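What follows is a set of notes on a single structure, which appears directly below.
For clarity, every value in this text was computed on a predicted model and none was experimentally measured. Excluded from the calculations below are hydrogen atoms, water molecules and symmetry mates; all remaining heavy atoms, backbone and side chain alike, are included.
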Amino acid sequence: MILKGATNISKIDYLLVSLFLVLCNFTSSDAIPGKTYILSFIGLYYFIKKGTLPQGRKLLICILSYVIVGLLQYIYIHDFNRRAIIELPLLIMSGYFIVNYIGSKFRYLYLRLFYYISIISLFFYFAMIITGYIPSSLFDEENYNSIFIYNIRHNEILLQRNCGPYWEPGAFGGYLTFIGVLYFNELGELWRKYKKEVLVILLTIITTFSTQTYVTLFLIVSFYFLRYLSGARLCFSVIIIGILVCLSYTSLDFLGEKIKTQIELTKDLDNASLESANRFTTFVTEMDIFMKSPYIGNTNNTNILYRDYPYIQNIIERNGHYGSGSGISSNLAKYGLFPFLFWLMFSYKNFKRYYGVKSTIFCMIIILLLGNGEQYSDQILYLSLPFLCLTKKLD
């Protein structure tokens with residue numbers, strides 16, 4: 001059942017899920033130092049006091065998959081990958097603690113807090129559109145004006161897209177759309193019970209002007225109805241939806257032209273096309289990097305990761321960084337195959353416990369689509385998917 005109201009939800013619950021959303025990579029998240037260390041140690045104390053470690057084997061495998069890769073990279077590539085050895089294990093432990101402590105209330109709190117974040121973002125977004133007002137930066141963030149709970153990326157001011165508190169509009173839109181995954185089997189009931197929250201969140205999604213977010217939202221709703229079909233009707237419906245998605249890309253200028261331009265840029269990865277760091281060029285680049293070291297990855301040190309791409313090296317030298325436009329391919333290039341495979345297997349099994357096979361397959365398609373479109377793969381939400389409590393288990 002969908003949780004109605006908040007009578008059995010404590011302030012601690014709200015605080016923990018709020019920290020969870022901050023750890024989803026608020027651009028000003030560094031304003032709260034030591035978050036993962038604190039949450040990890042609180043989690044260890046909680047489970048020691050409780051005397052049990054639910055899904056402990058799964059947790060250990062997820063953590064060790066990154067630690068072992070990091071150690072092998074240190075031995076063979078001679079680079080200390082702090083992200084793999086320290087930061088990601090702490091992030092996994094923090095997410096594991098929060099979703100276990102919160103349990104079935106997590107998705108309600110996720111919905112509720114993103115409802116509040118959406119209201120704040122819409123206020124500042126429309127203030128920017130109507131008055132031209134840009135919030136002053138309370139935090140020292142390169143390329144952003146940030147007041148922590150909301151920020152504007154400088155190159156989005158003219159484009160007038162809503163980033164919320166995250167690094168780009170597509171990232172914000174993806175996190176909002178993920179509510180549809182958390183409530184996938186109960187979207188109808190979600191609409192009936194939380195119409196106001198859903199409408200505000202849908203309006204916020206529109207203001208992101210994110211191609212991927214729009215397509216993902218369409219697929220979530222389509223898959224929700226497809227789960228009732230089987231056999232020939234299911235195959236026919238999937239074909240129709242595929243045709244509709246293709247037509248939307250070719251018929252709508254803001255979708256089709258954008259995709260067409262990005263695909264054209266992948267035809268020559270030795271020139272300035274790499275400057276754009278769009279999802280298509282970075283996906284092709286990172287899969288090439290992954291194939292050169294598929295088992296232990298290539299570290300997240302950009303000088304090593306992009307060592308065979310002189311043009312990217314020039315960008316890094318000039319700007320100090322190079323941002324990937326992809327997520328899962330970036331994760332594969334950095335950490336190799338095994339952390340991704342363990343995460344995929346455990347996430348699938350966990351969703352299947354709650355949703356059944358057909359709904360789980362649909363949800364995993366959405367998760368992978370979002371995961372490769374944005375840098376979610378090494379963020380706390382995706383790292384917590386193997387441990388999430390979604391609703392009552394299926395009989």
(request) Sequence neighbours left out, what pairs pass side chain to side chain donor-acceptor pair (under 3.5 Å) with at least one residue falling in residues 379-388? (result) none
(message) Give me each pair satisfying side chain to side chain donor-acceptor pair (under 3.5 Å) with a member in residues 19-33, each pair once, sequence neighbours excluded.
(response)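 Every side chain to side chain donor-acceptor pair (under 3.5 Å) pair that includes a residue of residues 19-33, provided the two are not neighbours, is T27-N151, S28-S146.
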(request) Considering only NZ, NE, NH1 and NH2 on the basic side and carboxylate oxygens on the acidic side, decide whether R107 and E186 come within less than 4.0 Å. (result)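 Salt bridge flag = yes for E186 with R107.
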Are [Y] and [X] connected in a single hydrophobic cluster, I mean Ile/Leu/Val/Met/Phe/Trp/Tyr linked by side-chain heavy atoms less than 4.5 Å apart?
X: Y115; Y: L113; result: yes
X: L72; Y: I85; result: no
X: L305; Y: Y295; result: no

[X] versus [Y]: any side-chain heavy-atom pair under 4.5 Å?
X: T208; Y: R161; result: no
X: Q55; Y: P386; result: no
X: L111; Y: I201; result: yes

Other residues, nucleotides and ligands only: do more than 12 of their heavy atoms fall within 6.0 Å of [atom1] on [X]?
X: F41; atom1: CZ; value: no
X: K292; atom1: NZ; value: yes
X: Y76; atom1: OH; value: no

(request) Please check if the side chain of S329 supplies one atom and the backbone of E286 the other of a donor-acceptor pair under 3.5 Å. (result) no
Using only heavy-atom distances, determine whether the side chains of [X] and [Y] contain a donor-acceptor pair under 3.5 Å.
X: S347; Y: N350; answer: no
X: D79; Y: Q73; answer: no
X: N162; Y: T207; answer: yes

Should the pair [X] and [Y] be assigned to parallel (<30°), tilted (30 to 60°) or perpendicular (>60°) ring geometry?
X: Y101; Y: F97; value: tilted
X: Y175; Y: Y166; value: tilted
X: Y66; Y: Y335; value: perpendicular

(request) Only one of L19, L44, I380, L90 passes side-chain contact (heavy atoms from CB on, under 4.5 Å) with L39; say which it is. (result)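 Only one option passes, and that is L19.
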(message) Out of the candidates I86, N301, T299, only one should pair with F80 under the side-chain contact (heavy atoms from CB on, under 4.5 Å) rule; please name it.
(response) I86
(message) Going by the rule side-chain hydrogen bond (donor to acceptor under 3.5 Å, both in side chains), which residues pair with S359 if we only count those two or more places apart in sequence or in a different chain?
(response) N185
